[in-house]
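Notes follow the structure.
Please read these numbers as outputs of a predicted model, since none were measured by experiment.
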Amino acid sequence: MRKTQFITFRNFFHKPSLTSSIKPRPFKAYSFVPFSPFAMLDPTILTLGGIVLGIAIIERILNRWGVIDLADQFEKVMRLILPVTFYGALFYFFATFMF
């Protein structure tokens with residue numbers, strides 16, 4: 001004949017387990033940083049963009065006033081400044097906000 005063993009509710013739930021029922025499994029975790037357009041509001045990027053935009057506006061004003069020689073000098077400077085500034089700001093953005 002079997003004997004019935006009674007266990008109280010408290011002892012059933014608070015009894016520490018001798019063996020772990022969950023075995024840890026190794027897994028790989030990957031990180032993804034989404035692009036946020038608000039990251040472009042960084043003061044450095046805004047300053048560089050403002051300087052380039054200001055030079056472009058000055059060049060257009062000089063063309064309207066008829067000071068073509070000075071406007072041509074600004075255009076020559078802008079041919080160098082625009083690509084350097086664009087790629088520099090792009091590199092700064094990725095180096096600062098993505099890593």
If the test is side chain to side chain contact (heavy atoms under 4.5 Å, CB included), which one of L53, T85, I81 qualifies with L48? T85

Under 4.5 Å between side-chain heavy atoms, hopping through other hydrophobics if needed: is there a path connecting Y87 to L82? no

Establish whether L70 and I68 are linked, either directly or via other cluster members, by ILVMFWY side-chain heavy-atom contacts under 4.5 Å. no

One should read off an interatomic distance between L62 CG and F74 CZ, to the nearest 0.5 angstrom, of 6.0 Å

For A89 against I45, the heavy-atom pair lying closest together: O-CD1, 4.4 Å

Please check if V67 and V77 belong to a single hydrophobic cluster, counting links between Ile, Leu, Val, Met, Phe, Trp and Tyr side chain heavy atoms closer than 4.5 Å. yes

Would you say I51 ends up clustered with L46 if hydrophobic residues are merged whenever their side chains have heavy atoms under 4.5 Å apart, either directly or through other cluster members? no

Compare every heavy atom of I55 with every heavy atom of M78, then report the nearest pair and how far apart it is. SD-CG2, 3.0 Å

Apply the hydrophobic cluster definition, ILVMFWY joined by side-chain contacts under 4.5 Å directly or through others, and give me every member besides L80. V84

